[in-house]
Amino acid sequence: MDRLLTAKRGATLVCDEFESDRAAGTLDASRVESLVRRFILAKFRLNEQEAAPAGASLEKLAQASLAKMLRIAPDLVKTEDRAANCDGADSATVKQALVIMALQKEFHVQLDCFRAGLCHSVGELAALVWQATR
């Protein structure tokens, strides 16, 4: 429970920074990317060290989060995860979709859901957020 609350507080702090910068007119593409990354890591309950091997890949960050939660090696997530839902999406894909939905809600932005779903990297997703704020 403590880890969940810490992750929630971390994501909330990032959202507060985003709103503060937006209100002050100091947001730029680079700052948005940094905030989006920090938000994703908070939601995925990863620190920078745990996220480093995944780089900016949304899929690999989701897999690293699942691996941490399941206490298995990140490379095993893809081979061990069996889609149990009706559309055949694996857990990492669902996790990515949920973080995009949370990002829209908590950053108060409306993204093109189709384009957001096609994003492969934090930078691509951040570019959509930046576009939505302009």
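For clarity, every value in this text was computed on a predicted model and none was experimentally measured. Hydrogens, waters and symmetry mates play no part in the numbers below; they use all other heavy atoms, side chains included.
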Checklist entry - Closest approach of Ala51 and Leu41, non-hydrogen atoms and distance? => result CB-CD2, 3.5 Å

Next on the checklist: What verdict does the side-chain contact (heavy atoms from CB on, under 4.5 Å) test give for Leu128 and Val109, after you've listed the backbone C-alpha separation in whole Å, the side-chain angles of each residue and the deciding distance to 0.1 Å?
Outcome noted: CA-CA 10 Å; Leu128 290 179; Val109 294; over 6 Å; no

Next on the checklist: In the structure I gave you, are the side-chain heavy atoms of Thr26 and Arg31 within less than 4.5 Å of one another anywhere?
Outcome noted: no

Next on the checklist: Under 6.0 Å between ring centres: does that hold for Phe39 and Phe18?
Outcome noted: no

Checklist outcome for this item: When rounded to the nearest 0.5 Å, the distance separating OG of Ser20 from CG of Leu13 is 12.0 Å

Item to check | Heavy-atom pair of closest approach, residues Ala42 and Ala11 | outcome: CB-N, 3.6 Å

Item to check | Close side-chain approach of Arg38 to Ser34, heavy-atom, < 4.5 Å | outcome: yes

Checklist entry - Is there a side-chain contact between Arg37 and Glu48 (heavy atoms, below 4.5 Å)? => result yes

Item to check | Val122 vs Leu125 side-chain heavy atoms within contact, under 4.5 Å | outcome: no

Item to check | Pairwise side-chain contact, Leu103 with Val99, heavy-atom cut-off 4.5 Å (strictly under) | outcome: no

Checklist entry - Side chains of Phe107 and Val36: does their closest heavy-atom pair fall under 4.5 Å? => result yes

Checklist outcome for this item: Distance col, row Glu106:CD vs Lys8:NZ, nearest 0.5 angstrom, shows 6.0 Å

Item to check | Carboxylate-amine/guanidinium proximity below 4.0 Å for Glu50 and Arg45 | outcome: no

Checklist outcome for this item: CD (Gln104) and SG (Cys113) are apart, to the nearest 0.5 Å, by 5.0 Å

Checklist entry - Are Leu66 and Phe44 joined in one hydrophobic group, where the rule is that I, L, V, M, F, W and Y side chains link up if heavy atoms are under 4.5 Å apart? => result no

Checklist outcome for this item: One should read off an interatomic distance between Met101 CE and Leu111 CG, to the nearest 0.5 angstrom, of 12.0 Å

Item to check | Straight-line distance of Lys105 NZ to Cys15 SG, nearest 0.5 Å | outcome: 10.5 Å

Checklist entry - Heavy atoms, side chains only, cut-off 4.5 Å: are His120 and Glu59 in contact? => result no

Checklist entry - Do you know the tightest heavy-atom contact between Ala92 and Ala62? => result O-CB, 3.6 Å

Item to check | Heavy-atom closest contact (Ala126 atom, Val32 atom, distance) | outcome: O-CG1, 3.6 Å

Checklist entry - Do the side chains of Leu98 and Lys95 get nearer than 4.5 Å, heavy atoms only? => result no

Checklist entry - Could you give the distance from CG (Leu46) to CE (Met69), rounded to the nearest 0.5 Å? => result 11.0 Å

